[in-house]
Amino acid sequence: MHRKNFIKSLALLPFTIQAMKLEHLKKITDKFEGSDKLPALFIGHGNPMNALYDNPFTKSLTAVGNDIRAKHTINAILVVSAHWLTKGSFVNVTAKPETIHDFGGFPDELFKIQYPAAGSPEYAKEVATLAPEIKTSDEWGLDHGAWTVLKHLYPKADIPVFQVSIDFYQPMQYHFNLAKEFKSLREKGVLIIGSGNIVHNLRMSMQYFGTDKENFVFDWTKEFDEYVKKKIDERDFQSLIDYEKEGSAAKLSVPTMDHYAPLMYSLAMADKSEEIKYTYEELMSGGISMRCLQIGN
């Protein structure tokens, strides 16, 4: 090499090294970047036996899962389930989450179901970075609020899944605000799912399970479900955060906060201009709403 060309190559060396560093950084960040914004879901998960059923509800989950996957690349799934209740907020960083059968009194067939999806420690830790109130934990897996719906959304269990807990001692405003802190994950290939039920009065519904009155619903069930739908359509999320002001129908529909709180995490994902559509609507067993919704396309 001529001396002049050698000097030129030395001059370009810092830029070459910098370009190599930038390319390496790009490869790292690409792992967390999606090509577009994923939708977010709220699923009214209902009876754990839905994991075994082929019915209109489970068919709707399959259709939603197929539609999202046809349009987007899903890097991971984050589930906020009504069945991981904690004091403080946590995110599960387990690499191999176990399938948790957190119920009793069901057939052995249900207990034999496994949902062997990998965890996603990298995205889980990203949640804790975006929302410092959320601490990491390896003491959970996938409870039935997650795997009974994922079994129909993505039956091959080939997408990493992790959960964020619900702090049982915090008000709805806390949950709504907390979710906003990690909503940017939608743009990094993460499908965010809230799994609960808008109306969930188990004590008053159990008498109708498995009977010929399973289609019966209380007036207050219909009233509160319609109220929630109306407020979602109006984008009046604050009224849903302050749902207790709605009176007796709200009190009966949400006797405890656990199944309602996941709705806050889903609604917090919505941008002002995004479409919110209902992917399934059903009232059943006196005091259960199976309403599901999708934010974005």
Side-chain angles (χ1 to χ4, degrees), residues 41-53 55-58 60-61 79-86 100-107 110-111 143-149 152 165-172 175-176 193-232 239-267 278-293:
L41 303 175
F42 174 77
I43 305 296
H45 63 245
N47 187 346
M49 288 294 290
N50 281 314
L52 296 170
Y53 292 160
N55 58 27
F57 166 66
T58 62
S60 76
L61 294 180
V79 181
V80 181
S81 164
H83 297 282
W84 189 18
L85 304 175
T86 53
I100 302 173
H101 299 86
D102 50 331
F103 42 67
F106 290 94
L110 188 61
F111 288 91
D143 61 55
H144 81 266
W147 62 263
T148 63
V149 298
H152 296 288
S165 76
I166 294 172
D167 187 340
F168 190 76
Y169 300 90
Q170 294 290 348
M172 291 299 159
H175 297 292
F176 186 83
I193 303 174
S195 178
N197 292 98
I198 290 171
V199 180
H200 186 266
N201 191 320
L202 190 60
R203 184 180 64 83
M204 296 185 69
S205 298
M206 288 184 70
Q207 61 186 310
Y208 301 107
F209 291 164
T211 72
D212 58 0
K213 294 184 178 180
E214 211 162 35
N215 293 327
F216 166 78
V217 293
F218 296 110
D219 290 341
W220 47 262
T221 300
K222 184 177 181 181
E223 178 185 341
F224 188 70
D225 182 72
E226 289 181 349
Y227 170 79
V228 171
K229 181 179 184 295
K230 179 175 183 290
K231 293 303 177 182
I232 291 172
S239 289
L240 298 179
I241 293 168
D242 301 327
Y243 74 96
E244 292 168 306
K245 296 179 181 179
E246 189 56 18
S248 60
K251 186 176 180 179
L252 288 164
S253 297
V254 189
T256 57
M257 59 81 75
D258 45 290
H259 277 71
Y260 186 77
L263 178 65
M264 299 297 102
Y265 286 85
S266 299
L267 293 180
Y278 303 100
T279 58
Y280 190 73
E281 298 174 289
E282 182 185 14
L283 303 176
M284 61 182 299
S285 301
I288 303 292
S289 167
M290 297 293 291
R291 181 179 297 280
C292 302
L293 60 87

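Since this is a predicted model, take the numbers as computed values, not measurements.
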Visitor: Enter the distance from D225:CG to E282:CD here, rounded to the nearest 0.5 Å.
Guide: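 Between atom CG of D225 and atom CD of E282 there are 11.0 Å.
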Visitor: Determine, step by step, whether L240 and F176 satisfy the side-chain contact (heavy atoms from CB on, under 4.5 Å) criterion, reporting the C-alpha distance in whole Å, the side-chain angles of both residues, the deciding distance to 0.1 Å, and the verdict.
Guide: CA-CA 10 Å; L240 298 179; F176 186 83; over 6 Å; no
Visitor: For the residue pair Y260 and F224, categorise the inter-ring angle as parallel (less than 30°), tilted (30 to 60°) or perpendicular (more than 60°).
Guide: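 Rings of Y260 and F224: tilted, as their planes differ by 30° to 60°.
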Visitor: Rounded to the nearest 0.5 Å, what's the gap from CH2 on W147 to NE2 on H152? Could you check?
Guide: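 Going from CH2 on W147 over to NE2 on H152, the span is 9.5 Å.
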Visitor: So which heavy atom on G145 is nearest to which on S195, and how close?
Guide: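 Closest approach of G145 to S195: O-OG, 2.5 Å.
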Visitor: Would you say the side chain of F103 lies within less than 4.5 Å of the side chain of N47, judging by non-hydrogen atoms?
Guide: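 A side-chain contact is absent here, since even the closest heavy-atom pair is not under 4.5 Å.
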Visitor: Should we count NZ of K222 as having more than 12 external heavy atoms under 6.0 Å?
Guide: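 Atom NZ in K222 is not crowded, with 12 or fewer foreign heavy atoms closer than 6.0 Å.
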Visitor: Distance check, rounded to the nearest 0.5 Å: Y243 atom OH versus M172 atom CE?
Guide: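 Separation between the atoms: 4.5 Å.
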Visitor: Go through the side-chain N and O atoms of T148 and H45 and say whether any donor and acceptor fall under 3.5 Å apart.
Guide: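 Side chains of T148 and H45: no pair found under 3.5 Å.
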Visitor: Do side-chain atoms of N197 reach the backbone of H200 as a donor and acceptor pair under 3.5 angstrom?
Guide: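 A pair under 3.5 Å: no.
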Visitor: Side-chain contact test, heavy atoms from C-beta onward, threshold under 4.5 Å: evaluate it for L263 versus L293 and give yes or no.
Guide: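 Yes, their side chains come closer than 4.5 Å.
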Visitor: Taking all non-hydrogen atoms of both residues into account, name the closest pair between D143 and S81 and its distance.
Guide: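 Reported closest heavy-atom pair: OD1-OG, 2.6 Å.
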Visitor: Where the side chain of N55 meets the backbone of N50, is there a donor-acceptor pair that is under 3.5 Å apart?
Guide: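 Between the backbone of N50 and the side chain of N55 there is no qualifying donor-acceptor contact (under 3.5 Å).
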Visitor: Output, in order, the C-alpha distance, side-chain angles, deciding distance and verdict of side-chain contact (heavy atoms from CB on, under 4.5 Å) for H101 and L110.
Guide: CA-CA 8 Å; H101 299 86; L110 188 61; 5.6 Å; no
Visitor: Quick check for you: to the nearest 0.5 Å, what is the distance between F42 atom CZ and C292 atom SG?
Guide: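 SG of C292 is found 7.5 Å from CZ of F42.
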Visitor: Compile the donor-acceptor pairs under 3.5 Å between side chains in residues 208-219 and protein atoms, sequence neighbours left out, one pair per line.
Guide:
{"residue": "T211", "atom": "OG1", "partner": "Y208", "partner atom": "O", "Å": "2.9"}
{"residue": "T211", "atom": "OG1", "partner": "K213", "partner atom": "N", "Å": "3.1"}
{"residue": "E214", "atom": "OE2", "partner": "G210", "partner atom": "N", "Å": "3.0"}

Visitor: Quick one: closest heavy-atom pair of Q207 and M204, and the distance?
Guide: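 The answer is NE2-O, 3.3 Å.
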Visitor: Say whether, by atom type as modelled, one donor and one acceptor occur between the side chain of S289 and the main chain of I198 under 3.5 angstrom.
Guide: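 No: the side chain of S289 does not pair with the backbone of I198.
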Visitor: Has S285 got a side-chain atom pairing as donor or acceptor with S205's backbone, closer than 3.5 angstrom?
Guide: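 It does not hold such a pair.
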Visitor: Quick check for you: to the nearest 0.5 Å, what is the distance between F106 atom CZ and H144 atom NE2?
Guide: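 Atom-to-atom, F106:CZ and H144:NE2 are 7.0 Å apart.
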Visitor: Is any side-chain heavy atom of I166 closer than 4.5 Å to one of M257?
Guide: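 Result yes, sub-4.5 Å side-chain heavy-atom pair found.
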Visitor: Is it true that Y265 and H175 share a donor-acceptor pair across their side chains at a distance under 3.5 Å?
Guide: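 There is such a pair (donor and acceptor under 3.5 Å, judged by atom type) between the side chains of H175 and Y265.
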Visitor: Kindly indicate whether the side chain of Y280, heavy atoms from C-beta on, has any atom under 4.5 Å from the side chain of L61.
Guide: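 In short, these two side chains do not touch, never coming nearer than 4.5 Å.
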Visitor: Are the side chains of L267 and K231 in touch, meaning some heavy atoms are under 4.5 Å apart?
Guide: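 L267 vs K231: side chains apart.
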Visitor: CG of N201 to CD1 of I288: how many Å apart, nearest 0.5 Å?
Guide: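 Separation between the atoms: 7.5 Å.
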Visitor: Report, one line per pair, each donor and acceptor closer than 3.5 Å where one atom sits in a side chain of residues 244-256; sequence neighbours left out.
Guide:
{"residue": "S253", "atom": "OG", "partner": "A249", "partner atom": "O", "Å": "2.7"}
{"residue": "T256", "atom": "OG1", "partner": "D258", "partner atom": "OD1", "Å": "2.5"}

Visitor: Might you point out which heavy atoms bring Y169 and T86 nearest each other, and give the distance in Å?
Guide: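 The answer is CD1-O, 4.0 Å.
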Visitor: State, to 0.1 Å, how close Y227 and S239 come at their nearest heavy-atom pair, and which atoms those are.
Guide: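 That closest heavy-atom pairing would be OH-CB, 3.5 Å.
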Visitor: Testing the basics here: between T279 and S60, what is the closest heavy-atom pair and its distance to 0.1 Å?
Guide: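 Scanning both residues completely, I find the closest heavy atoms to be O-CB, 3.8 Å.
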